[in-house]
Amino acid sequence: MTPDDRKHYWRSNLRLMAVLLTIWALVGLGAGTLFVDALNNVNIGNVPLGFWMGQQGSIFTFVALIGVYVWRMEKLDESYGIDEERDIAQGVSKSGEAH
Amino acid sequence: MGTLGWTLVWVIITFGLYIGIAIRSRAKDTSDYYVAGGGVPAIANGAAVAADWMSAASFISMAGLVSFMGYGGSVYLMGWTGGYVLLALLLAPYLRKFGKYTVPDFVGDRYSDGARIVAVIAAIFVSLTYVAGQMRGVGVVFSRFLEVSVTIGVIIGMAVVLFYAVLGGMKGITWTQVAQYSVLIVAYLIPAVAIAANLTGNPIPHLSFGEILGELDGIQEDLGFAAYSAEFATFSRMNLFLITATLMFGTAGLPHVIVRFYTTRTVKEARRSAFFALFLIAILYTTAPAIGIFAKYNIIDTINGQPVEEVQSIDWVEGWSNADLLTLEDKNADGIISYTPDAETNEMIVDRDIMVLANPEIAGLPTIVVGLVAAGGLAAALSTASGLLLVISSSIAHDLGYKLVWKEATESQRLLMGRVAMAGAIMVAGYFGINPPGFVGEVVALAFGLAAASFFPILTLGIFWKRANAAGAMAGMTVGLSFAAFYMYMVIWGGMEPWFGIDKAGIGIIAALLNGIVMVAVSLMTAPPSEELQELVEGVRYPGSYTAEVRETLAN
């Protein structure tokens, strides 16, 4: 990667993180704690929404957030021609080889 | 066969499996011993992280906690899973790229040897308080289901861990943890599904708990308790927020979890294993609140308002009463057990730790399931204990022994040092399991606050801010850690009124913030880190072959 590539790669990474962490904060620290009573005015099935977010929904959201992160980062790596397996095969690096 | 027989069968099968795996995955060198050779596939590593993470507290205690705290228990559910988002996005890929053996390794290389020592002390302290609780969990399961004393239970547990951890190091531990995850998740889900089907006709606990929730809310209110789903019955809005945040940032700062991401082959695999880990953890964590609701409903339904003699003749009531974890006392001598919120008149005291273990018995499931749950509890406790023990032994043998004291040790001497430290750590953990210091219960919950206050800021700033330097890290860690420790100590033992009503378990996030502010201020006032260090940070940010060491290799 050229220095320019690196700058762009890093910026894309930071942008993706900012979006995902905002959702994380709204759901994990908002829905289940700060706004739980407001959400409880709505029901999903026979469970109040705030209660459901605190005990189920937030956890599902966290799994999805990491899933999206993994997927987008692999795309990003690909578009910059990063392939760790190839590097290992060529013997240039065992990415941060423990020595 | 009775409960005792089935438990024995399951324990022998699962322990045999762990030992078999250990013999197949002996460690050949220090890389095997500390990071399983750095070649664990993502899904296996995810399962190992999940088993490492889900301790006796997750398996045995969490559903019970939620059961008795109602909505307040959500802080554990959200906090202990939400931290993985931070871990996956802010730490795992970068620390994998950095690629050493321990968390103090990163702190030492990024900052200074002084910071390394502080990190070693914090890692050992956090891990030791944690591991004592695991050994205790092993003892409790043995004493209830196999009718041996807690001491003998702990000794058997120690012997098994000693065998596979000393022999296989991280390699043995990783593959045993994969097996332990499978055992514990099956043991957790089978009773949950059976009870959901019994109570509601719908076998999927996540969908069916809603049917019981309304009824349970009504029952609790009739008895004079707050409704189960009441938002602020246990914690105020502010404390819900602060405790959840502290548990999240603490999770992302726990050394025994972070170190697992050194074991994958590539950065890509480290990211993927963070995903698999949380996915596998979420299976248990989303089932736990359903178990909490079912168990609470069942236990009130079985005991409250029933004649004393009838209740006392139930098998499991007798068993748990003998273990002193369930107390029934007909205070008003009306021959009926009444469950009330007032300690003066309440006639049923249930230790929250028995909710998961007693659940299958309360629901009247066959004894083969009861035995399986016991084996699951043991798997959870042993897998976490072994991960923690590895952190303790590597901190001592690698970070102190090799990096600071005996720098010229050969490969085989280092491997031996690791094994001796591991054996020593197991002895200490076993001692605390048999003679638990009274403060363990308190301290385990607080370990998260301390991890958040010490590690999280210096690790993330070390990756995302090149200007962060050693003086800043030392100052930040010292201020964060001492502020959190001071507040906890004063509130628990010093008789201090909590400031603004902040719960002692929620102070960690404020201490972490303080740590970050001090670190930034001190870093800016002192000299920036050297070119080489900034180069190291640059290298950590990109997967693939861009590292200083690679260029070195190419130049040679």
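Quick note on labels: first sequence line is chain A, next is B, and so on, each numbered from 1. Side-chain atoms are counted along with the backbone in the values below, which use heavy atoms only and exclude waters and symmetry mates.
Going from atom CD1 of A/I59 over to atom OG1 of B/T81 covers 4.5 Å, rounded to the nearest 0.5 Å. Of the inter-residue distances, the one linking A/I66 atom CD1 with B/L89 atom CG reads 7.0 Å to the nearest 0.5 angstrom. One distance of note links CG of B/L86 with CE of A/M17; it measures 9.5 Å at 0.5 Å rounding. With rounding to the nearest 0.5 angstrom, the NZ atom of B/K268 is 7.5 Å from the CD atom of A/E78. With rounding to the nearest 0.5 angstrom, the CG atom of A/L14 is 7.5 Å from the CZ atom of B/R541. Note: A/N46 CG to B/I212 CD1 = 10.0 Å, rounded to the nearest 0.5 Å.
Interface check for chain B: of the options A/L21, A/L34, A/V70, A/N40, the most heavy-atom pairs under 4.5 Å are formed by A/L34. Of the listed residues (B/H206, B/E269, B/M248), the one with the most heavy-atom contacts under 4.5 Å to chain A is B/M248. Ranking B/R237, B/E211, B/M238 against chain A, the residue ahead of the rest is B/R237, based on heavy-atom pairs under 4.5 Å. In terms of non-hydrogen atom pairs under 4.5 Å with chain A, the most contact-rich of B/A277, B/G70, B/A88, B/G82 is B/G82. If you tally non-hydrogen atom pairs under 4.5 Å between each of B/F276, B/Y285, B/F232 and chain A, the highest count goes to B/F232.
Of the two parts of A/L16, neither the backbone nor the side chain holds a non-hydrogen atom closer than 4.5 Å to a non-hydrogen atom of chain B. Both the backbone and the side chain of B/L278 come within less than 4.5 Å of a heavy atom in chain A. For a residue to count as touching a neighbouring chain, one of its non-hydrogen atoms must lie under 4.5 Å from one of that chain's; by this rule A/D37 touches chain B with backbone and side chain alike. If you measure heavy-atom distances from A/F60 to chain B, the contacts under 4.5 Å come from the side chain alone. Contacts between B/F235 and chain A at a heavy-atom distance below 4.5 Å are absent for every atom of the residue. If you measure heavy-atom distances from B/L280 to chain A, you find no contacts under 4.5 Å at all. The part of B/L90 that comes within reach of chain A is its side chain, from C-beta onward, which places non-hydrogen atoms under 4.5 angstrom from that chain. Proximity to chain B (any heavy atom under 4.5 Å) is restricted, for A/Y69, to the side chain, taken from C-beta onward. When heavy atoms are compared at a cutoff of 4.5 Å, A/D83 does not approach chain B at all. Of the two parts of B/V75, neither the backbone nor the side chain holds a non-hydrogen atom closer than 4.5 Å to a non-hydrogen atom of chain A.
The side-chain heavy atoms of A/V63 and B/Y84, taken from C-beta on, include no pair separated by under 4.5 Å. The shortest side-chain heavy-atom distance between A/T33 and B/N239 does not fall under the 4.5 Å cut-off. Side-chain contact check for B/L213 versus A/Q55: every heavy-atom pair is 4.5 Å or farther apart.
Between A/G54 and B/S74, the closest heavy-atom pair is O-CB, 3.8 Å. When every heavy atom of B/Y71 is checked against every heavy atom of A/G50, the shortest pair comes out as OH-O, 3.6 Å. Contact detail for A/S58 and B/M78: the closest heavy-atom pair is OG-CG, 3.2 Å.
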Take A/E74 and B/R272 through the salt bridge (Lys or Arg N to Asp or Glu O under 4.0 Å) test and state the conclusion after the steps. CA-CA 10 Å; A/E74 288 186 5; B/R272 285 188 174 190; 2.6 Å; yes
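Summarising the local packing, CH2 of A/W71 is surrounded by 12 or fewer heavy atoms from other residues, nucleotides or ligands at distances under 6.0 Å.
A/E84 places no side-chain N or O within 3.5 Å of a backbone atom of B/P543 that could act as its donor or acceptor partner.
Not less than 6.0 angstrom separates the ring centroid of A/W52 from the ring centroid of B/F209.
By the 30° and 60° cut-offs, the orientation of the rings of A/W24 relative to B/F249 is perpendicular.
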